[in-house]
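Heavy-atom basis, side chains included; hydrogens, waters and symmetry copies ignored.
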Amino acid sequence: MIRPTTQIYSNYTSEDFHVWKTLFDRQMEILLPIVSKNYLDALEIVNFRNDKIPDFKEVNSTLSNITGWSLHVVPNISPQKEFFEYLAQKKFTATCWLRSFGQLDYIEEPDMFHDVFAHVPLLSNSSYCNFFKGISEIALKHIDDPRAIELLGRIYWFTIEFGLIRENDILKIYGAGIISSNGETKHCLSDASKKIDFDVKRMLSTDFRTDILQDKYFVIDSFDQLYNALPEIKEELEKMI
């Protein structure tokens with residue numbers, strides 16, 4: 001299927017708005033008591049609502065004034081080099097198409113609900129953005145080394161996508177892969193998974209699977225902790241390649 005490379009807001013159908021509202025309401029009902037306050041605050045900053053599919057022009061204007069970030073529309077998952085190059089420029093690659101109503105519970109490729117609902121609000125958080133950009137800069141230095149990119153992918157997976165954060169001694173969700181997934185949201189804080197304190201060496205040594213609910217999650221204390229770990233990530237990565 002040909003996917004759009006530009007968001008043309010008038011092209012969204014009544015089904016698109018219905019899908020967005022259904023997914024938004026369903027996720028927020030689960031997320032409210034267990035998602036990071038950082039995310040909830042960010043959701044208000046970018047003004048995401050159940051009755052309005054985000055308009056990228058409005059989102060870019062908001063983010064530009066706060067952190068200098070913006071969205072760059074792509075038709076599907078970006079190649080690694082392109083993805084990291086855009087991140088280094090403070091641009092997050094995002095799709096602008098939505099799954100059908102029949103795909104609410106599972107879709108093979110990430111759509112706008114994952115890319116935008118899950119990832120974009122925290123692009124208004126400076127510490128989170130600084131870590132995101134820092135990871136991309138490390139990646140670009142090793143972009144031709146598949147092993148290095150594989151290892152950095154573990155850091156990305158266990159933080160940006162599937163990270164947990166400790167707030168007032170209570171575990172909360174901030175990873176986008178959890179936030180956009182009904183099943184993962186219900187699973188991640190249960191006794192069915194292992195919770196591990198943030199540890200760069202262990203994270204770099206831990207493989208993951210993309211086709212199952214995760215069986216382990218790493219826990220941070222703050223986004224500053226992530227940003228401050230960048231030198232260690234760079235050092236430990238270079239030891240392993």
Determine, step by step, whether Ile135 and Leu226 satisfy the side chain to side chain contact (heavy atoms under 4.5 Å, CB included) criterion, reporting the C-alpha distance in whole Å, the side-chain angles of both residues, the deciding distance to 0.1 Å, and the verdict.
CA-CA 10 Å; Ile135 285 291; Leu226 284 181; over 6 Å; no
Quick check: are there more than 12 heavy atoms from other residues, nucleotides or ligands sitting under 6.0 Å from [atom1] of [X]?
X      : atom1 : value
Tyr227 : OH    : no
Lys195 : NZ    : yes
Lys52  : NZ    : yes
Asp169 : CG    : no
Lys194 : NZ    : no

Please lay out, stage by stage, how Val120 and Asp115 fare under the test side chain to side chain contact (heavy atoms under 4.5 Å, CB included).
CA-CA 7 Å; Val120 170; Asp115 288 347; over 6 Å; no
Rounded to the nearest 0.5 Å, what separates atom [atom1] in [X] from atom [atom2] in [Y]?
X      : Y      : atom1 : atom2 : result
Gln225 : Ile165 : CD    : CD1   : 8.5 Å
Ser136 : Gln89  : OG    : CD    : 9.5 Å
Leu164 : Lys216 : CG    : NZ    : 13.0 Å
Lys90  : Cys129 : NZ    : SG    : 8.0 Å
Lys186 : Ile30  : NZ    : CD1   : 4.5 Å
Thr185 : His187 : OG1   : NE2   : 11.0 Å

Nearest heavy atoms of [X] and [Y], plus distance in Å:
X      : Y      : answer
Ser180 : His114 : OG-ND1, 2.8 Å
Pro4   : Val73  : O-CG1, 3.9 Å
Ala42  : Ser124 : CB-OG, 3.5 Å
Val19  : Ser100 : CG2-C, 3.9 Å

Is there a side-chain contact between [X] and [Y] in this structure, where contact means two heavy atoms from C-beta onward sitting under 4.5 Å apart?
X      : Y      : value
Leu63  : Phe92  : no
Cys188 : Ile173 : yes
Leu98  : Phe113 : yes
Ile143 : Phe84  : yes
Val200 : Ile233 : yes
Lys133 : Trp69  : yes
Phe198 : Asp221 : no
Phe131 : Ile155 : yes

Side-chain donor or acceptor of [X] paired with backbone N/O of [Y] under 3.5 Å:
X      : Y      : answer
Glu161 : Ile178 : no
Thr62  : Glu58  : yes
Arg154 : Met203 : no
Glu109 : Ile77  : no
Gln27  : Ile179 : yes
Thr5   : Pro75  : no
Gln7   : Phe56  : yes
Glu184 : Gly177 : no
Asp16  : Thr13  : yes
Ser64  : Ser61  : no

Parallel, tilted or perpendicular: which describes the rings of [X] and [Y], with under 30° parallel and over 60° perpendicular?
X      : Y      : value
His72  : Tyr86  : parallel
Tyr128 : Phe223 : perpendicular
Tyr12  : Tyr9   : perpendicular

Does one hydrophobic cluster hold both [X] and [Y], with members joined at side-chain heavy-atom distances below 4.5 Å?
X      : Y      : value
Met112 : Tyr39  : yes
Ile45  : Leu123 : no
Leu31  : Ile170 : no
Trp20  : Leu32  : yes
Phe117 : Trp97  : no

Working for side chain to side chain contact (heavy atoms under 4.5 Å, CB included), residues Met28 and Phe48
CA-CA 11 Å; Met28 289 306 298; Phe48 282 5; over 6 Å; no
Yes or no on side-chain hydrogen bond (donor to acceptor under 3.5 Å, both in side chains) for Asp111 and Thr95, after CA distance, side-chain angles and deciding distance?
CA-CA 6 Å; Asp111 70 340; Thr95 54; 5.9 Å; no
Take Asn125 and Thr67 through the test side chain to side chain contact (heavy atoms under 4.5 Å, CB included) and record every step on the way to the result.
CA-CA 7 Å; Asn125 182 294; Thr67 58; over 6 Å; no
Trace of the side-chain hydrogen bond (donor to acceptor under 3.5 Å, both in side chains) decision for Glu167 with Tyr174
CA-CA 11 Å; Glu167 293 178 350; Tyr174 76 90; over 6 Å; no
Go through it in stages, so that I can follow the logic: the residues are Phe208 and Phe162, the test is ring-ring contact (aromatic ring centres under 6.0 Å, His included), and I'd like the CA-CA distance, side-chain angles, deciding distance and then a yes or no.
CA-CA 11 Å; Phe208 61 87; Phe162 289 92; 8.2 Å; no
Does the distance from a Lys or Arg side-chain N to an Asp or Glu carboxylate O, for Asp197 and Arg166, drop under 4.0 Å?
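Arg166 and Asp197: salt-bridged.
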Is Asp55 paired with Lys57 through a side-chain N to carboxylate O contact shorter than 4.0 Å?
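Looking at Asp55 together with Lys57, the answer is no, because their closest N to O distance does not fall below 4.0 Å.
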